[in-house]
Amino acid sequence: VPDVITTLARWRAQLDGVRASGASIGLTMTMGALHAGHTSLFERAATECDVAVATIFVNPLQFNDAADFERYDVDLDADLALAGAAGVSMVLAPSTAEMWPRWPQSTSTVHVPGLADRFEGADRPGHFDGVAAVVAKVLGRTGQCTAYFGEKDFQQLCVVRRMVDDLALDVEVVGCPTVREHDGLALSSRNAALVLSRALRAGADALEGGQPVADAEQVMRSVVSDEPLVALAYASVVDPATLASPSHVAVGMCVRLLIAGVVDGVRLIDNVEAVVGAAR
Ligand code: PAF
């Protein structure tokens, strides 16, 4: 398990020590809820640099929706275990007050004109100013290093590159290819969540095609089990009035399929109706 540092002063002191010993530093910044996309960055940092370090900090400045920030849940122990297994030896995990002592009062941000205003920036005003601010602060307190950012957030990578260049930060920015699942989807919690609706659709198709309830439930479970980022809570076919498992189903009977799972610490629920079909 990596050493956990909670203050920027200690972070800087530790890293100065690493550099003084002649070792190179590879940094990956994250907001926790780590998955295989992050670990690929850690592994690359650990391969290319003598010491791989990471940050886990949910940055309030980049959430243009306060509720989104409140909902963001980090399981630090799980994240540390994953980071350690991928070769990270030290993690900066500061409190919000340590990183942004003035927040939620006004805090300096960094605007990268043009690049930050389009696409995601147009839909999420201020988002990239908050990203650039926290990246500038962390890179500044980290000092000379190589910093690894995923190409999955391509606009973020462009904004960070430009900012590092404009501000002449002592950092080499490396963009890393997106990790994809076998079906080509990029790894992220949002994409992982889609598996719940896919599972419901597959279960409903099974019932409408005349398959038994137990088979439809099995179909849902197996769709979800293909998605490593989702922990299934339940996948059940129920009588819509009683929520009990229907003991037997007749053609034309209306049932409800319920599903719930946890994706990156967030519990999601969904359901659909299905009309039982005749066996084909
Ligand atoms: O990509 C992210 O997770 C965040 O935007 C980052 C770079 C850690 C800054 O908070």
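Worth saying up front: this structure is predicted, and the values here are computed from it rather than measured. Scope of the values below: all heavy atoms of this structure, side chains included, with no hydrogens, waters or symmetry mates. Remember, it's 1-based here, ligands and their atoms both numbered in the order they're listed.
A donor and an acceptor atom, one from each side chain of Q218 and D215, are nowhere located under 3.5 Å apart. For H111 and D129, the side-chain atoms include at least one donor-acceptor pair closer than 3.5 Å.
Those atoms of ligand 1 that come under 4.0 Å of a heavy atom in T30, given as number and element, are 8 (C). Residue V134 has at least one heavy-atom neighbour below 4.0 Å for each of these atoms of ligand 1: 9 (C), 10 (O).
Within the set M29, Q62, Q156, the minimum heavy-atom distance to atom 8 (C) of ligand 1 is found for M29.
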Exercise for the section: Output, in order, the C-alpha distance, side-chain angles, deciding distance and verdict of salt bridge (charged side-chain N to carboxylate O under 4.0 Å, His left out) for D16 and R19. Expected result: CA-CA 5 Å; D16 280 345; R19 272 184 295 265; 2.9 Å; yes
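Relative orientation of the H38 and H35 rings is tilted, given thresholds of 30° and 60° on the angle between their planes. Between W103 and F69, the ring planes lie perpendicular to each other; the angle is over 60°, past the 30° to 60° tilted range.
Protein heavy atom in closest approach to atom 3 (O) of ligand 1: M31 CG, 3.6 Å.
Under 4.0 Å from ligand 1, not a single heavy atom of V160 appears.
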